[in-house]
Amino acid sequence: MDGEDFMMEKHIQYENTYITGPEGYGEGQKFRSSTVQRCIEQIIREKMTGLQYDAQRASQIGKELSDMIKEKVKTMGFDRYKLVVQVTVGQRAGQCIRLASRCLWDVAADSCASATFENESLFCVAMVFGLYYE
């Protein structure tokens, strides 16, 4: 105690804004699927062009793509959205594949975007879900 001033950390308490949708935060705050889709397509094309399927590296490539997509979409200004990114990389061998996802959805505020890439030996499907967080 020796006369030293102890600084008390101030606790800031924010008031409720009662804004329950992305429109209340201004223009451009709503998740724009078309913009996100173009972004995903560009990232996938840059990363996957010229690659051959390798079962040992497929999961690592999927993780890297997922992280790259998530970081890029975060910079687009969707601050009030939780982002879920799912990337599937597989071998193209004449088979058929069907991917499906389920979640609770608010039609007015939530949205998603997806993109695909194929070459002679592999395919890649990336999906980004933007879920509004109040």
### Query
Under 30°, 30 to 60°, or over 60°: which ring-plane class applies to Tyr132 and Tyr81, parallel, tilted or perpendicular?
perpendicular
### Summary
When rounded to the nearest 0.5 Å, the distance separating CD of Gln42 from CE of Met68 is 9.5 Å
#### Entry: Within-4.5 Å side-chain heavy-atom neighbours: Asp67 and Ile69
no
### Query
So which pairs with a foot in residues 95-106 pass side-chain hydrogen bond (donor to acceptor under 3.5 Å, both in side chains), sequence neighbours left out?
Gln86-Ser101
#### Entry: side-chain contact (heavy atoms from CB on, under 4.5 Å) partners for Glu71, two or more places apart
Lys74
### Query
What is the distance from atom NZ of Lys82 to atom CZ of Phe31, rounded to the nearest 0.5 Å?
14.5 Å
### Message
Has Ser114 got a side-chain atom pairing as donor or acceptor with Ala126's backbone, closer than 3.5 angstrom?
### Response
no
### Message
Quick check for you: to the nearest 0.5 Å, what is the distance between Arg57 atom CZ and Leu122 atom CG?
### Response
11.0 Å
### Euclidean distance, Cys124 SG relative to Arg45 CZ, rounded to 0.5 Å
12.5 Å
### Query
Would you find more than 12 non-hydrogen atoms of other residues, nucleotides or ligands less than 6.0 Å from Lys72 atom NZ?
no
### Query
So how far is it from Thr35 OG1 to Phe78 CZ, rounded to the nearest 0.5 Å?
6.0 Å
### Glu41 vs Phe117 side-chain heavy atoms within contact, under 4.5 Å
no
### Query
salt bridge (Lys or Arg N to Asp or Glu O under 4.0 Å) between Arg92 and Glu120: does it pass, once the steps are laid out?
CA-CA 7 Å; Arg92 190 168 166 214; Glu120 58 280 343; over 6 Å; no
#### Entry: Side-chain heavy-atom pair Leu99, Thr88 within 4.5 angstrom cut-off
yes
